[in-house]
Engineer: 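Sharing a structure, written as structure tokens. Questions coming.
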Amino acid sequence: MRGQQAQCLRSDLPYAEISRDDYAETAARDFVPFPVSAGITLLEGPCPRCRGTMSVHLVEDIVRGGGSTTATAEPYHTMRCGCRNAHAGRPDGRTGCGAYWNIVVARAEPS
């Protein structure tokens with residue numbers, strides 16, 4: 001990560017696909033956004049559950065098929081722990097501790 005240390009690393013937690021309301025709040029507080037290019041932002045920070053270091057690329061415009069969308073809907077992304085720490089019981093081919101959460105992505109208004 002870019003100059004940020006993960007705190008209270010909890011690699012002793014077993015893998016569990018779990019979410020809690022405070023995960024999103026913790027991620028919103030702890031993750032740091034880095035603009036990559038037009039419409040792409042890199043978020044870096046510690047997982048709210050295990051505190052393992054992780055990063056996620058967010059793409060501003062997502063194409064979705066079917067159904068209607070509303071212009072007033074807040075754009076959100078589902079994030080999942082992607083740390084590289086060992087977590088007992090983690091399925092083969094997966095990363096992270098299993099935690100997941102949704103974050104609302106606020107778009108900056110042009111000035």
Side-chain angles (χ1 to χ4, degrees):
M1 287 184 9
R2 299 181 187 200
Q4 184 176 341
Q5 292 285 338
Q7 305 166 12
C8 306
L9 188 62
R10 295 291 315 270
S11 61
D12 60 320
L13 291 172
Y15 181 88
E17 293 180 359
I18 186 171
S19 187
R20 293 189 347 203
D21 291 341
D22 64 322
Y23 288 174
E25 294 168 14
T26 301
R29 182 189 66 232
D30 294 348
F31 275 69
V32 179
F34 296 97
V36 175
S37 61
I40 299 175
T41 301
L42 174 67
L43 290 180
E44 291 186 338
C47 167
R49 179 176 181 244
C50 75
R51 307 304 290 172
T53 303
M54 58 174 283
S55 61
V56 176
H57 283 91
L58 298 181
V59 179
E60 184 176 315
D61 296 316
I62 298 175
V63 177
R64 298 176 195 235
S68 63
T69 59
T70 62
T72 60
E74 294 275 4
Y76 74 91
H77 294 271
T78 299
M79 295 179 64
R80 181 178 63 81
C81 177
C83 79
R84 300 287 181 192
N85 300 317
H87 291 283
R90 181 172 59 207
D92 289 340
R94 298 259 175 106
T95 59
C97 70
Y100 62 94
W101 58 95
N102 291 329
I103 59 165
V104 174
V105 179
R107 293 192 176 125
E109 295 295 323
S111 45

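Along the sequence shown, residues carry numbers from 1. Keep in mind that this is a model prediction, so the values were computed, not measured.
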Engineer: Check side-chain hydrogen bond (donor to acceptor under 3.5 Å, both in side chains) between Tyr15 and all other residues, then give those that pass, not counting sequence neighbours.
Structural biologist: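 Tyr15: side-chain hydrogen bond (donor to acceptor under 3.5 Å, both in side chains) contacts with Glu17, Arg94.
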Engineer: Taking all heavy atoms of Leu13 and all of Cys50, pick out the closest pair and write down the distance.
Structural biologist: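 Here Leu13 and Cys50 meet closest at CD1-CA, 4.0 Å.
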Engineer: Taking all heavy atoms of Arg84 and all of Thr95, pick out the closest pair and write down the distance.
Structural biologist: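 Looks like NH1-CG2, 2.9 Å.
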Engineer: Provide the closest heavy-atom pair for Asn85 versus His87 in the form atom of the first, atom of the second, distance.
Structural biologist: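 The answer is O-CD2, 3.4 Å.
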Engineer: Quick one, Leu58 and Val56 - any side-chain contact, counting heavy atoms below 4.5 Å?
Structural biologist: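 Heavy-atom side-chain distance check passes, below 4.5 Å.
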Engineer: Who are the side-chain hydrogen bond (donor to acceptor under 3.5 Å, both in side chains) partners of Arg90, not counting sequence neighbours?
Structural biologist: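 Applying side-chain hydrogen bond (donor to acceptor under 3.5 Å, both in side chains) to Arg90 gives none.
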Engineer: Return the minimal non-hydrogen interatomic distance between Gly98 and Cys81, and the atom names on each side.
Structural biologist: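 Closest heavy-atom pair between Gly98 and Cys81: N-CB, 4.4 Å.
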Engineer: What residues form a side-chain hydrogen bond (donor to acceptor under 3.5 Å, both in side chains) with Thr78, not counting sequence neighbours?
Structural biologist: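 Checked Thr78 against side-chain hydrogen bond (donor to acceptor under 3.5 Å, both in side chains); matches are Asn102.
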Engineer: Any donor-acceptor pair under 3.5 Å linking the side chain of Ser19 with the backbone of Tyr100?
Structural biologist: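 Yes; at least one donor-acceptor contact below 3.5 Å.
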Engineer: Between His57 and Val59, is there a side-chain heavy-atom distance shorter than 4.5 Å?
Structural biologist: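 Side chain of Val59 against side chain of His57, heavy atoms only: no contact under 4.5 Å found.
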Engineer: List for me each residue that meets side-chain hydrogen bond (donor to acceptor under 3.5 Å, both in side chains) alongside Asp12, sequence neighbours excluded, and say none if there are none.
Structural biologist: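 With sequence neighbours excluded, Asp12 shows a side-chain hydrogen bond (donor to acceptor under 3.5 Å, both in side chains) to Arg10, given in chain and number order.
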Engineer: Could you walk me through whether Phe34 and Val36 pass side chain to side chain contact (heavy atoms under 4.5 Å, CB included), step by step?
Structural biologist: CA-CA 6 Å; Phe34 296 97; Val36 175; 5.5 Å; no
Engineer: Report the C-alpha distance between His77 and Leu43 in whole Å, list the side-chain angles of each, state the deciding distance to 0.1 Å, and finish with yes or no for side chain to side chain contact (heavy atoms under 4.5 Å, CB included).
Structural biologist: CA-CA 12 Å; His77 294 271; Leu43 290 180; over 6 Å; no
Engineer: Are Ile103 and Met54 connected in a single hydrophobic cluster, I mean Ile/Leu/Val/Met/Phe/Trp/Tyr linked by side-chain heavy atoms less than 4.5 Å apart?
Structural biologist: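 Linked within one cluster.
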Engineer: On a heavy-atom basis, which atom in Arg49 and which in Ala99 lie closest, and how many Å separate them?
Structural biologist: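 Scanning both residues completely, I find the closest heavy atoms to be CB-CB, 3.8 Å.
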Engineer: Hey, any chance Ile18 and Trp101 share a hydrophobic cluster, counting ILVMFWY side chains that come within less than 4.5 Å of each other, even indirectly?
Structural biologist: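 Yes, Ile18 and Trp101 fall within the same hydrophobic cluster.
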Engineer: If the condition is side-chain contact (heavy atoms from CB on, under 4.5 Å), which residues does Thr26 pass it with, not counting sequence neighbours?
Structural biologist: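 Partners of Thr26 under the side-chain contact (heavy atoms from CB on, under 4.5 Å) test: Arg29, Asp30, Pro48, Arg51.
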Engineer: Could you tell me which residues satisfy side-chain contact (heavy atoms from CB on, under 4.5 Å) with Ala28, sequence neighbours excluded, listed by chain and number?
Structural biologist: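 Expected list: none.
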Engineer: Once you round to the nearest 0.5 Å, how far does OG of Ser55 lie from CE of Met79?
Structural biologist: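 The OG atom of Ser55 sits 9.0 Å away from the CE atom of Met79.
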